[in-house]
2 protein chains.
Amino acid sequence: MYTISQLAKQMNLSRSSLIYYDKIDLLKPSCRSSSNYRLYSEQDKVKLEQINQFRAAGLSLEAIKQLLQQNNSSAGLFLEQRLEQINHEICQLRSQQQQIVNLLGQTTLLPSTRLVNKAQWVEMLEASGMDEADMRQWHIEFERKLPEAHTDFLQSLGIPEQEIEIIKSWAK
Amino acid sequence: MYTISQLAKQMNLSRSSLIYYDKIDLLKPSCRSSSNYRLYSEQDKVKLEQINQFRAAGLSLEAIKQLLQQNNSSAGLFLEQRLEQINHEICQLRSQQQQIVNLLGQTTLLPSTRLVNKAQWVEMLEASGMDEADMRQWHIEFERKLPEAHTDFLQSLGIPEQEIEIIKSWAK
DNA sequence: GCTAAACTGTGAAGTTATAGTCAGGTCAAA
DNA sequence: TTTGACCTGACTATAACTTCACAGTTTAGC
């Protein structure tokens, strides 16, 4: 049996989070002490570990609650939906990066450039022995194997939609 | 002069957003009609356009408010901070993707794989004529030119920290 | 046995950037 | 003048907590 603060510390959560989980019926302690203090069992702890796993995947507490209640494996569905959502969010963040680059004026002014652009990428591939034909072949492979990922990759280099279309069409 | 709904429609915002902007002193209409309706001037509209630009970069309304008040170009600072934050958020989302992949079991079960892993990447580079030595050279180039971006890239392939360290150390 | 510190409980309010609802106000046509 | 359409400000709800206030409880030291 653990008190609320003990469990919170072990799980690297705040006490208030556990109180909140109790309130929304996500995780209720299986006992209470004589003075009405929350007491968490080993089983409660296991459940909290599960909750944390799903939380690390970015599922909402509401979704976690549902899939823990319906003990079956509806988890797959939720997780796949979440994957879609993550892709969407990453796209949005990329678009925000582009917006900032535009607002800041020139790419060269960027502080510690974590953003790689097309020119840099080409330069690096050339430096390791690729020529234009090789790169074309590489895009064709990429498009055939993983078309969505290919699009994501091209977008991340800040390449305009039109050019992306052209590159993707090489594979046809 | 625009009424609140006119301006909202033009700017592709909801009426409630403009009411909210008024409430938090981000954008107050410069006049009110005799019946106390909000009336927005051309200048208000220009300001709202600026706000939208910063919003597209993902800045918080609080940050936007500050940098519009201090009319000077403290914008750069905010934008650079936001870039850092975006990197952080993308890393988190990647980590969530990995968590989901782990929870789902095998990569092969993934629906439409947008995630590229190490094996796939190597395969594609090989198919376009790169050998192991070339790839090593490529990593060395990448590390010298853009170390942070290199780390991000390796992380995105789901490569464990230890191996990332090794690959990065090739450049020394 | 007493006091103080550290812990616990409940409940309310605050956080962000909106979307949605609602009673009532305003305006144009009939 | 009345009807109906449209419009308004104000309010509430959202997710996942955190912070606050206040009161009761347990524990440690003396």
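In what follows, chains carry the letters A, B, and so on, assigned in the order in which the sequence lines appear, proteins first and then strands, with residues in each chain numbered from 1.
Atom-to-atom, CG of L26(B) to P of dT16(C) comes out at 13 Å; the value is rounded to the nearest Å. One can place CG of L27(B) at 15 Å from C1' of dA17(C), the figure rounded to the nearest angstrom. Here the C1' atom of nucleotide dT15(C) and the CD1 atom of I24(B) are 13 Å apart, to the nearest Å. One atom, CG of D22(A), and another, C1' of dT8(C), lie 13 Å apart when rounded to the nearest Å. As rounded to whole Å, 19 Å separates atom P of dA17(C) from atom CE of M11(B). As a whole-Å value, the separation of K65(B) NZ from dT15(C) P is 11 Å. Across the protein-nucleic acid pair, K9(A) atom NZ and dA6(C) atom P stand 13 Å apart, rounded to whole Å. Summarising the geometry, the separation between OH on Y20(B) and C1' on dT21(C) is reported as 19 Å, rounded to the nearest angstrom.
Rounded to 10°, the angle separating the first-five-pair axis and the last-five-pair axis of the helix from dG1(C)-dC30(D) to dA30(C)-dT1(D) equals 30°.
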Protein and nucleotides 8-10 of chain D: nitrogen or oxygen contacts under 3.5 angstrom:
unit_1: dT8(D); atom_1: OP2; unit_2: S5(B); atom_2: OG; d: 2.8
unit_1: dG9(D); atom_1: OP1; unit_2: R32(B); atom_2: NH1; d: 3.1
unit_1: dG9(D); atom_1: OP1; unit_2: N36(B); atom_2: O; d: 3.3
unit_1: dG9(D); atom_1: OP1; unit_2: R38(B); atom_2: N; d: 3.2
unit_1: dG9(D); atom_1: OP1; unit_2: R38(B); atom_2: NH1; d: 2.8
unit_1: dG9(D); atom_1: OP2; unit_2: R38(B); atom_2: NH1; d: 2.5
unit_1: dG9(D); atom_1: O5'; unit_2: R38(B); atom_2: NH1; d: 3.1
unit_1: dG9(D); atom_1: N7; unit_2: R15(B); atom_2: NH1; d: 3.0
unit_1: dG9(D); atom_1: O6; unit_2: R15(B); atom_2: NH2; d: 2.7

Verdict with supporting geometry, N117(A) and V101(A), side chain to side chain contact (heavy atoms under 4.5 Å, CB included): CA-CA 11 Å; N117(A) 61 32; V101(A) 170; over 6 Å; no

Test log, rule side chain to side chain contact (heavy atoms under 4.5 Å, CB included), inputs E126(B) and D131(B): CA-CA 6 Å; E126(B) 275 172 350; D131(B) 62 20; over 6 Å; no

Verdict with supporting geometry, Q162(B) and I167(B), side chain to side chain contact (heavy atoms under 4.5 Å, CB included): CA-CA 9 Å; Q162(B) 288 184 334; I167(B) 294 172; over 6 Å; no

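At dT18(C), one or more side-chain N or O atoms of Y21(B) fall inside 4.0 Å of OP1 or OP2 (strictly under the cut-off). For dA19(C), the OP1/OP2 oxygens have a side-chain nitrogen or oxygen of S17(B) closer than 4.0 Å.
Closest non-hydrogen pair, H139(B) versus L154(B), comes out as CE1-CD2, 3.7 Å. In this structure, I64(B) and R55(B) approach most closely via the heavy-atom pair CD1-N, 3.8 Å. Residues D44(A) and L39(A) approach most closely at OD2-O, 4.1 Å, considering heavy atoms.
With salt bridges taken as basic N to acidic carboxylate O contacts below 4.0 Å, one links D22(B) and R32(B). The pair R82(A)-E89(A) counts as a salt bridge, with a side-chain nitrogen and a carboxylate oxygen less than 4.0 angstrom apart. Using a 4.0 Å cut-off between charged nitrogen and carboxylate oxygen, K145(B) and E141(B) count as a salt-bridge pair. Ion pairing of K118(A) with E163(A) is present here, as a side-chain N (NZ or NE/NH1/NH2) and a carboxylate O approach within less than 4.0 Å.
Listed in residue order, the members of residues 39-62 of chain B having a heavy atom less than 4.0 Å from DNA chain C are R55(B), S60(B), L61(B).
The distance from atom CD of Q69(B) to atom CG of D25(B), rounded to the nearest 0.5 Å, is 8.0 Å.
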